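All values reported here derive from a predicted model rather than from experimental measurement.
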Amino acid sequence: VKPDLRNNRDLIAGLLFIVLGGLSVILARDYPFGTTMRMGPGYFPTVLGGILLLFGAYVLLRGLRTGEKVKGEWGWRPLAWITLSIVLFGFLLDRAGMVPATVVTLLVAAAAGREFRFKEVLLLAIVMTAFSVAVFSYGLKLPYPLIGSYY
Amino acid sequence: MELLSNLALGFGVAFSLQNLAYCFIGVALGTLIGVLPGVGPLVTIAMLFPITFHLPAVPAIIMLAGIFYGAQYGGSTTSILVNLPGETASAVTCIDGYQMARRGRAGPALATAALASFFAGCVGTLLIALAGPTLGEWALRFGAAEYTSLMLMALVASAVMTQGDAVKGLAMVVLGLLIGVVGVDVNSGMARYSFGVPELTDGVGFTVVAVGLFAVAEIVANLESREPREVYTGRLTGLMPTARDLKDAAWPTVRGTAMGACFGVLPGTGPALSSFATYMLEKKIAKDPARFGRGAIEGVAAPEAANNAAAQTAFIPMLTLGIPATATMALMLAALTLQGIATGPQVMHDKPDLFWGLIASMWIGNGLLVILNLPLVGLWVRLLTVPYRWLFPSIILFCCIGNYSVSNNPFDVYLCAVIGVLGYVLVKLECEPAPLLLGYVLGPLLEENLRRALLIARGDPTVFFTRPISAAFMIATVVILVVMVAPAARGMRRGT
């Protein structure tokens, strides 16, 4: 029987560790390794990357043996919306100001939920924006322009 | 009595109007956020840390500690009224607490939890005051080798003791250590893993890691699950427990406190394991074990006492050795470091006002919690009915503002999104994020001490085994690793 590799939990985890560990080792080759007595900047990350590789290999092999699947569905849709909302916040705060950034972030983040009731979300956005402005701009005196560019 | 004069100093600091106010704000905010379902203390601290960032060190740490135990406390309210714990430590309280609530005894359950936590919190704080100086005195003899072994022990323990798989836990520690490497190496001045991005030469900010790993990943995981949460919506009547309740809860509280206090000091174990262990103990010694799981008051008092005692004593290694035992303490340590305070044995001598002021404020804060919680419980209950679809966008927003405000740089916000994606994938692959956070915070310290230890020993790695204290830590580390492969220990971890 050919083992089913799709969604194999430990196989993916193992691969992830191997890739990250491998990258760490490769990148650390640019840093002087030094000796055990006088460690260079490359020593610690190289050793760590190697250990991560080994752990990854172990986890990967175990995944091949047990074949356990990832539980539940992958929530790519909510992940995409949430990630987008965070990125937009960073992008807008400098360029458009605090108020547009908070409103957009709330609207986009809310789209990640299972149900999206526009009026309700709009109300939430207004309330939370007013609250954030009150707390962060007036209360904590963070120096971000409410509307308009930083520069 | 040196202790008394120290405490007097501490209360002098903590009772200043400013610090009292920050303690109150911290406790209130911590409870407010911690009560929200699905938001544990870690996310609460990560989210609220930026507020304390611009304060001077003493009020900042007092407020942070207030946020921490407030959140811890708020979590127990949630686990009694909602069948969904905000964090693993209160998962056990859920079992009997929610059953009590369903039987119309939500009031006594909440009051018992509050009083048990208060008792445990006070005892835990007393233990910090007593054990801190002694441990600190002893730790003054630690050299680089001892610190290296101690950190190794803490990291291995945290990886092995979390629920889930030990090998993955260890891999997560290593991954955390690698994230900690990012930035300029202090010894050589060389930028590592910064990919030419100037922002990365300062390293990855800890709010970025904590928020991405816990808040973002957690929210996405919650959104994808389709189980509706059960909220107790009945009216709260009769808050006070009866005399019989108090009698039934008294000894379990004491036992829970004792157990929690011991577990809290041990690296990696912390509140979650202690509340589980004490629940098992109570069930074992009860005359009628069948009552457990069906609303036994002992099943609320003991784990609540245990997790609060553990939460309190977890401060001991963090404050006196500079080695956090849990992910939450790692966050506190990182926050202190950002405030420019090097924790460790010298903190009691260098900054007695900070150390003793913090301890005194913990007593005050625990008292404030009881005052806040018992009469205001109706308010917290109403918070539970706030739908998640309103909560999560707001949490995301505050995380963004918080992240931005630490560095005033959108890069941190972008990085947080990246770590959020990584965190979510790791959660789905059942890799616990807590060991990663601990590794990330301890990484730079570990490298520094490892380098120094080996430099002093002229490159001879046996130094970790020839110095007695270091050898003891190393042996403990090996024992922990060996126990990990024993099937019995595995069963216990899975059991949580």
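When A:Leu106, A:Val127, A:Thr105, A:Leu84 are compared by the number of non-hydrogen pairs under 4.5 Å with chain B, A:Leu106 comes out ahead. Annotation: maximal heavy-atom pairing with chain B below 4.5 Å, among A:Pro32, A:Ala28, A:Gly14, A:Pro45, occurs at A:Pro45. Interface remark: of the candidates A:Gly42, A:Ala80, A:Ala101, A:Ala110, A:Ala110 forms the most heavy-atom pairs closer than 4.5 Å to chain B. In terms of heavy-atom pairs under 4.5 Å with chain B, the best-connected choice from A:Gly40, A:Ser85, A:Gly21 is A:Gly40. The candidate from B:Cys400, B:Cys431, B:Ser394, B:Gly212 with the greatest count of non-hydrogen atom pairs under 4.5 Å with chain A is B:Cys400. When the candidates B:Pro461, B:Gly459, B:Ser188 are compared by the number of heavy-atom contacts under 4.5 Å with chain A, B:Gly459 comes out ahead. Among B:Asp412, B:Leu178, B:Val181, B:Leu175, the residue making the largest number of heavy-atom pairs under 4.5 Å with chain A is B:Leu178. Between chain A and the residues B:Phe411, B:Phe392, B:Phe195, the largest count of heavy-atom pairs under 4.5 Å involves B:Phe392. With chain A as the partner, the residue from B:Ile219, B:Asn409, B:Asp460, B:Leu455 showing the most heavy-atom pairs under 4.5 Å is B:Leu455.
Of all the heavy atoms in A:Ile82 and B:Ile396, the pair that sits closest is CG2-CD1, 3.6 Å. Residues B:Met190 and A:Pro41 share a closest heavy-atom pair of SD-CG, 3.7 Å. Residues B:Asn222 and A:Arg114 approach most closely at O-NH2, 4.0 Å, considering heavy atoms. In terms of heavy atoms, B:Phe398 sits closest to A:Ser132 at CE2-OG, 3.8 Å.
For B:Ile456, no part lies near chain A; criterion is any non-hydrogen pair under 4.5 Å. With a 4.5 angstrom heavy-atom cutoff, A:Trp81 does not touch chain B via any of its atoms. Of the atoms belonging to A:Val87, heavy atoms from both backbone and side chain fall under 4.5 Å from chain B. With a threshold of 4.5 angstrom between heavy atoms, A:Phe131 approaches chain B through side-chain atoms but not through N, CA, C or O. Contact of A:Leu52 with chain B is made through backbone and side chain together, with heavy-atom distances under 4.5 Å.
Side-chain atoms of B:Asn408 and A:Tyr144, non-hydrogen and from C-beta on, do get closer than 4.5 Å to each other. Residues B:Glu430 and A:Lys71 form a side-chain contact, since some pair of their non-hydrogen atoms from C-beta on lies under 4.5 Å apart. For the pair B:Met172 and A:Phe17, the minimum side-chain heavy-atom distance is below 4.5 Å. Within the 4.5 Å cutoff, no side-chain heavy atoms of B:Leu223 are placed close to those of A:Arg77. Considering only heavy atoms from C-beta on, B:Ile401 comes within 4.5 Å of A:Thr102 through its side chain. Counting heavy atoms from C-beta outward, B:Leu426 and A:Leu16 have side chains that approach closer than 4.5 Å. Between A:Leu93 and B:Pro410 there is no side-chain heavy-atom pair separated by less than 4.5 Å. B:Leu446 is listed as a side-chain neighbour of A:Phe44, based on a closest heavy-atom distance under 4.5 Å.
Judged by distance alone, with hydrogens and angles left aside, the side-chain atoms of A:Tyr43 form no donor-acceptor pair with the main-chain N or O of B:Arg451 at under 3.5 Å.
Paired with A:Thr83 under the rule side-chain contact (heavy atoms from CB on, under 4.5 Å), one option of B:Val220, B:Val216, B:Val421, B:Val418 passes, and it is B:Val421.
Taking the six-membered ring for Trp and thresholds of 30 and 60 degrees, A:Phe89 and B:Tyr404 have ring planes more than 60 degrees apart, a perpendicular arrangement.
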Between B:Lys428 and A:Ile12, does a side-chain contact (heavy atoms from CB on, under 4.5 Å) hold up when you go through it step by step?
CA-CA 10 Å; B:Lys428 283 304 277 183; A:Ile12 304 173; over 6 Å; no
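Evaluation of the salt bridge (charged side-chain N to carboxylate O under 4.0 Å, His left out) test over residues 120-131 of chain A, restricted to residues two or more places apart or in two chains, returns A:Arg117-A:Glu120, A:Glu120-B:Arg389.
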